[in-house]
Q: 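Just passing along the structure, written as structure tokens.
So you know, we letter chains A, B, ... as the sequences are listed, proteins then strands, and number each from 1.
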Amino acid sequence: MKKVRVRFAPSPTGGLHLGGVRTALYNYLFAKKHNGDFVLRVEDTDQNRYVEGAEQYIIDCLTWCGILPDEGPHHEGEYGPYRQSERKDVYRKYAEELVKKGHAYYAFDTPEEIESLREKLKSEGKSNLQYGYHVRNDMRNSLTLPAEETEALLKINFPHVIRIKIEANEFVSFRDMIRGDIQMDTSSVDDKVLIKADGMPTYHLAVVVDDYLMKITHAFRGEEWLPSAPVHVLLWKYLGLQHHMPEWAHFPLILKPDGNGKLSKRDGERLGFPVFAMQWKDPNTGDLLKGFKELGFLPEAFINLLAVLGWNDGTEQEIFTIDELIEKFSIERVHSSGAKFDFEKAKWFNHEWIKKLPVTNYQSSVKKLLQESSVTIDDENKLEKILQLVKDRCTLLTDFVLQSSFFFKFPDTIDITAVKPKWDDKKNQFFVELIRAYEFMNQWQHDELEKEFKEIAAANQIKSGELMLPLRIMLVGGKFGPGVFHIAELLEKEETIKRIEHGLSLLIKNHKVAL
RNA sequence: GCCGCGUUGGUCAAGGGGUUAAGACGCCUCCCUUUCACGGAGGAAUCACGGGUUCGAAUCCCGUACGUGGUACCA
């Protein structure tokens, strides 16, 4: 059996969005599952759409996701080069071979001529122009021109394209690993351009030539390619390479959560969630678009949520490690219908992964976030304990900032309004005694702190529950956070007492004013 | 318009002739927790429609509707 080889073939035109990452992921999973190769091929044949930095950005995203291809421009293998722009010369040969065989022809119509013909047909209320069997004989091409004239035009390098010549009224059929047998009438597909006037191939030619040359065994791509699949299948056939043709699978689209249509860059902005894996700054427009990474997603969670958006293993399992995915993934279980993206569920996945992973896995990321909000971390050990203590409360990595800043610095605000209305002299007395008792404590530990607290409460005949919230407010600043004695323990003696004293001073002042 | 692909709760989805039609997210209620979470127990909510085939259809077939993709010298 042939070695499995798959490819992810993005065009470097901007940010890498959800759908793209998922396509890469499914390719990766399939390759790893079958001990195959995963190739990155950069489809940069459209020079007008070239965007500076996009290729490196794609590699960075795949690296962050942990699904970096085995071969590609970043890591040359034996099938390079991996940028189609650098393979320009190989494609023409195949196109000319097709011309010789009568499966393609030179066309000298200018884009303007075709455009005006389209306009004309449109104004006559006819359907879209298809440059195909019913019009090709009225156009300026090597099929209609005398051979000498074609020769002459080619000799002076008159701008031309090479088009595939698709025979009408035939059926092309092929098997899609997800959708089963698919059959299309060739009359509905037009004579696609294979080589553009600038000498570059179009996607259609490049994809089959490269898949052949790179020995790709399985070609997986988005559903938007399904309508042009017959062209590709025909190309394999016309080239006499049909025995080398890869197996096909077309993945379903990822749709907008609200209305309809496939998810696009704009939707993220509009609906308040990212559509890119990582932040992307467009060098041309200067636009900065946030990514899942910057929002506080873990790569493990991102991969996981993408994997199960359109695939599942048939059990109730939803949380998968990358290794489990490799083991369980199968193309046949990929859905054929599109799925709307649900950001709420995406966050749930991240929450699950924050809880599941050892905090040391993301400690450095959280540390960076804390430092960015001017919290100084001096003790990694302490940080680890804190993260462990608060992780259940964090859905995104960025939530750790709120949940753990107060351990390192005095709260910015103390929400005394939460306790002020019920404040009285008895409580006052309690906290004065508590400070004194805490000052004399030797064992600064959770259980001891709680025991002391409850004893003093009992002695003052106050329910300890009524005193917990005030203590929390004093230590944390607000109504959130883990168990209050856990906080006190980590804050340590000096800081805890300092905060109680400060809180008390605010309340006394406030209390008197209220009287 | 034409061509392709699709359609199970609001969303992700299991199930592919006989099921009380799983599960998850979100929402609601309760328990736990004298904060917020975590955790636990419940609840509301679904087979697009119409015809067939069949003893029996969410499941197979045909239509319709709707959605979606393509229809570029873009990928």
Side-chain angles (χ1 to χ4, degrees), chain A residues 9-13 43-46 48-49 84 107 109-111 114-115 118 122 125-132 159-163 176 178-179 182-185 187-190 192-204 206-207 221-230 250 252-253 255-262 305 308-319 335-349 351-352 355 390-395 399 402-403 418 463-469 471-473 476 478-484 487:
Chain A
S11 61
T13 52
E43 310 231 329
D44 55 352
T45 53
D46 185 355
N48 301 320
R49 295 212 303 162
Q84 290 182 330
D109 322 273
T110 65
I114 293 175
E115 193 46 45
R118 277 208 176 93
K122 207 168 160 191
K126 291 185 183 146
S127 64
N128 266 358
L129 168 75
Q130 293 218 100
Y131 199 122
H160 64 279
V161 300
I162 297 180
R163 284 179 183 273
D176 182 287
I178 295 170
R179 289 152 217 276
I182 290 176
Q183 194 177 64
M184 279 184 226
D185 185 344
S187 313
S188 67
V189 325
D190 50 355
K192 292 280 180 232
V193 169
L194 263 22
I195 296 282
K196 301 185 263 189
D198 65 1
M200 277 289 187
T202 57
Y203 172 86
H204 307 294
V207 73
R221 68 233 294 201
E223 189 186 339
E224 66 270 29
W225 291 108
L226 206 44
S228 55
H250 292 87
L253 269 5
L255 278 9
K256 301 175 201 285
D258 59 349
N260 311 305
K262 71 175 171 175
L305 72 92
V308 298
L309 191 62
W311 171 86
N312 69 80
D313 74 342
T315 72
E316 287 181 12
Q317 186 174 353
E318 291 198 274
I319 303 297
H335 274 214
S336 50
S337 55
K340 289 183 184 170
F341 182 68
D342 181 357
F343 189 52
E344 290 307 316
K345 182 123 190 192
K347 285 193 288 192
W348 175 79
F349 275 104
H351 193 15
E352 291 301 306
K355 287 186 287 178
V390 305
K391 65 196 271 192
D392 284 355
R393 279 153 247 263
C394 298
T395 297
D399 293 335
L402 173 69
Q403 292 293 342
K463 277 191 266 179
S464 59
E466 286 183 52
L467 299 161
M468 305 271 261
L469 188 62
L471 179 59
R472 167 177 302 282
I473 299 292
V476 177
K479 287 165 76 170
F480 61 93
V484 74
I487 295 171

Q: Kindly compute the distance separating CD (A/Glu223) from CD1 (A/Ile178), expressed to the nearest 0.5 Å.
A: 9.0 Å

Q: If I pick the C1' atom on B/rC61 and the same atom on B/rC3, what distance separates them, to the nearest angstrom?
A: 23 Å

Q: Once you round to the nearest 0.5 Å, how far does OG1 of A/Thr202 lie from CD of A/Gln84?
A: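 Going from the OG1 atom of A/Thr202 to the CD atom of A/Gln84 covers 9.5 Å.
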
Q: Output the rounded distance in Å from CD (A/Glu115) to P (B/rU71).
A: 14 Å

Q: Would you mind reading off the distance between A/Ile473 atom CD1 and B/rC36 atom P, rounded to a whole angstrom?
A: 11 Å

Q: Would you say A/Ser228 and A/His204 make side-chain contact, with heavy atoms under 4.5 Å?
A: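 The answer is yes; the side chains approach within 4.5 Å.
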
Q: In Å and rounded to the nearest 0.5 Å, what is the CD1 to CE distance from A/Ile473 to A/Met468?
A: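 Reported value, rounded in 0.5 Å steps: 13.0 Å.
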
Q: Any donor and acceptor pair, going by atom type alone, linking the side chain of A/Ser11 with main-chain N or O of A/Thr13 inside 3.5 Å?
A: no

Q: State, with a plain yes or no, whether a side-chain heavy atom of A/Arg393 is found less than 4.5 Å away from one of A/Phe480.
A: no

Q: For A/Asp392, does its backbone N or O pair with a side-chain atom of A/His351 as donor and acceptor, under 3.5 Å?
A: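 Yes, because the side chain of A/His351 sits within donor-acceptor range (under 3.5 Å) of the backbone of A/Asp392.
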
Q: Nucleotides 27-34 of chain B: which of its N/O atoms have a protein N/O under 3.5 Å away?
A:
unit_1	atom_1	unit_2	atom_2	d
B/rU34	O4	A/Gly465	N	2.8

Q: Using a heavy-atom cut-off of under 4.0 Å over every strand shown, decide if A/Glu223 touches base, sugar-phosphate, or nothing.
A: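 Counting heavy atoms under 4.0 Å across all strands, the contact made by A/Glu223 includes a base.
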
Q: Do the side chains of A/Pro482 and A/Ile487 get nearer than 4.5 Å, heavy atoms only?
A: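 Touching, per the 4.5 Å side-chain cut-off.
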
Q: B/rG15 C1' sits how many Å from A/Glu316 CD, rounded?
A: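 Interatomic distance, CD of A/Glu316 to C1' of B/rG15: 12 Å.
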
Q: Of A/Ala197 and A/Arg472, whose closest RNA chain B nucleotide lies nearer the 5' terminus?
A: A/Arg472

Q: Kindly point out which of B/rG4, B/rA13, B/rC73 is positioned nearest to the side chain of A/Pro111?
A: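 It is B/rC73.
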
Q: Under 4.0 Å between any heavy atoms, over every strand shown, what does A/Lys262 touch: base, sugar-phosphate, or nothing? Just pick one.
A: sugar-phosphate

Q: Is the shortest side-chain heavy-atom distance between A/Val207 and A/Trp225 below 4.5 Å?
A: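 No, too far: nothing below the 4.5 Å cut-off.
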
Q: Under 4.0 Å, heavy atoms only, any strand: does A/Gly222 hit a base, just the sugar-phosphate, or nothing?
A: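 Since no nucleic acid heavy atom lies under 4.0 Å of A/Gly222, the category is nothing.
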
Q: What distance do A/Thr395 atom OG1 and A/Lys355 atom NZ have between them, rounded to the nearest 0.5 Å?
A: 8.5 Å

Q: Show me the protein contacts with nucleotides 10-12 of chain B, counting only N or O atoms at under 3.5 Å.
A:
unit_1	atom_1	unit_2	atom_2	d
B/rC12	OP1	A/Lys340	N	2.9

Q: Mind calculating the distance between CG (A/Asn312) and P (B/rU8) to the nearest angstrom?
A: 14 Å

Q: For A/Asp399, which contact category applies under a 4.0 Å heavy-atom criterion: base, sugar-phosphate, or nothing?
A: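 Nothing, no heavy atom under 4.0 Å.
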
Q: Between the side chain of A/Asn312 and the main-chain N/O of A/Gly314, is any donor-acceptor distance below 3.5 Å?
A: yes

Q: Considering only the P atoms, how many Å lie between B/rC25 and B/rG43, rounded to the nearest integer?
A: 16 Å

Q: Other residues, nucleotides and ligands only: do more than 12 of their heavy atoms fall within 6.0 Å of NZ on A/Lys479?
A: no

Q: Look at the side chain of A/Pro227 and decide which nucleotide, out of B/rA75, B/rG69, B/rU71, has an atom nearest to it.
A: B/rG69

Q: So, is B/rC38 syn or anti if syn means the angle is within 90° of 0?
A: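 Syn, since the glycosidic angle lies within 90° of 0.
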
Q: When rounded to the nearest Å, what value does the distance between P atoms of B/rG23 and B/rG42 take?
A: 10 Å

Q: Indicate yes or no for a side-chain donor-acceptor contact from A/Asp176 to the backbone of A/His250 under 3.5 Å, with no hydrogens or angles considered.
A: yes

Q: In terms of side-chain heavy atoms of A/Leu253, which of B/rA13, B/rG4, B/rG69 is nearest?
A: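 Selected nucleotide: B/rG69.
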
Q: Determine the contact category for A/Ser228: base if any of its heavy atoms lies under 4.0 Å from a base atom, sugar-phosphate if only primed atoms, P, OP1 or OP2 are that close, otherwise nothing.
A: nothing

Q: Can you tell me the distance, in whole Å, between the CD atom of A/Glu43 and the C1' atom of B/rC73?
A: 17 Å

Q: Which whole number of Å gives the distance between the C1' atom of B/rG18 and that of B/rA57?
A: 10 Å

Q: Base, sugar-phosphate, or nothing: which does A/Arg221 touch, judged by heavy atoms less than 4.0 Å apart?
A: nothing

Q: Give the dot-bracket string for RNA chain B, reading 5' to 3', where a pair is Watson-Crick or G-U wobble with both distances under 3.5 Å, ( ) marks pairs inside the strand, [ ] marks pairs crossing earlier ones, | marks a partner on another strand, and . marks unpaired.
A: ((((((((.[[[..)..(....]]].(((((.......)))))....[[[[[..)....]]]]])))))))....

Q: Taking the side chain as everything from C-beta on, heavy atoms only, tell me whether A/Arg179 gets closer than 4.5 Å to A/Leu226.
A: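 Yes. Closest side-chain heavy atoms under 4.5 Å.
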
Q: CG/A/Leu305 to CH2/A/Trp348 distance, rounded to the nearest 0.5 angstrom?
A: 10.5 Å

Q: Any side-chain heavy atom of A/Leu469 sitting closer than 4.5 Å to one from A/Arg472?
A: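 Yes, at least one pair of side-chain atoms sits under 4.5 Å.
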
Q: Checking contacts here: which listed nucleotide (B/rA75, B/rC73, B/rG4) is nearest the side-chain heavy atoms of A/Met184?
A: B/rG4

Q: By nearest heavy atom, map A/Gly314 and A/Arg179 onto RNA chain B; which one lands nearer the 5' end?
A: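 So the residue in question is A/Arg179.
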
Q: Rounded to whole Å, how long is the line connecting atom CG of A/Asn48 with atom P of B/rA72?
A: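 Distance, rounded to whole Å: 17 Å.
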
Q: Please report, rounded to the nearest Å, how far the C1' atom of B/rA72 is from the CG atom of A/Asp198.
A: 14 Å

Q: For B/rG9 versus B/rA13, give the span between their C1' atoms, rounded off to a whole number of Å.
A: 11 Å

Q: Could you check whether any side-chain N or O of A/Lys196 sits under 3.5 Å from a backbone N or O of A/Thr45, counting only pairs where one atom can act as donor and the other as acceptor?
A: yes

Q: If you round to the nearest 0.5 Å, how far is CG of A/Asp185 from CD of A/Gln183?
A: 8.5 Å

Q: Strictly below 4.0 Å: does A/Thr45 bring a side-chain N or O up to OP1 or OP2 of B/rC74?
A: no

Q: Looking only at atom C1', what distance separates B/rU19 and B/rA14, rounded to whole Å?
A: 12 Å

Q: Under 3.5 Å between N/O atoms: give me all the protein pairs with nucleotides 38-41 of chain B, atom names plus distance.
A:
unit_1	atom_1	unit_2	atom_2	d
B/rC38	O3'	A/Lys355	NZ	3.1
B/rG39	OP1	A/Lys355	NZ	3.1

Q: For A/Trp225 and B/rC74, give me the distance from atom CH2 to atom P, rounded to whole Å.
A: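 Rounded to the whole Å, the gap is 11 Å.
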
Q: Quick one: label A/Thr315 by what it contacts on the DNA or RNA (base, sugar-phosphate, nothing), any heavy atom closer than 4.0 Å.
A: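 Here A/Thr315 touches no strand at all.
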
Q: Anything under 3.5 Å between a donor and an acceptor, one on a side chain of residues 335-347 of chain A, the other on a protein residue two or more places apart or in another chain? List them.
A:
unit_1	atom_1	unit_2	atom_2	d
A/Asp342	OD1	A/Glu344	N	3.0
A/Lys345	NZ	A/Glu318	OE2	2.9

Q: Find every protein N or O atom lying less than 3.5 Å from an N or O atom of nucleotides 43-46 of chain B, and list the pairs.
A:
none

Q: Which is true for A/Pro159 with a 4.0 Å heavy-atom rule: it touches a base, it touches only sugar-phosphate, or it touches nothing?
A: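 Answer is nothing: A/Pro159 stays at 4.0 Å or more from every strand.
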
Q: Out of B/rC5, B/rU71, B/rG70, which has the shortest distance to the side chain of A/Asp190?
A: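 Of B/rC5, B/rU71, B/rG70, B/rU71 is nearest to the side chain of A/Asp190.
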
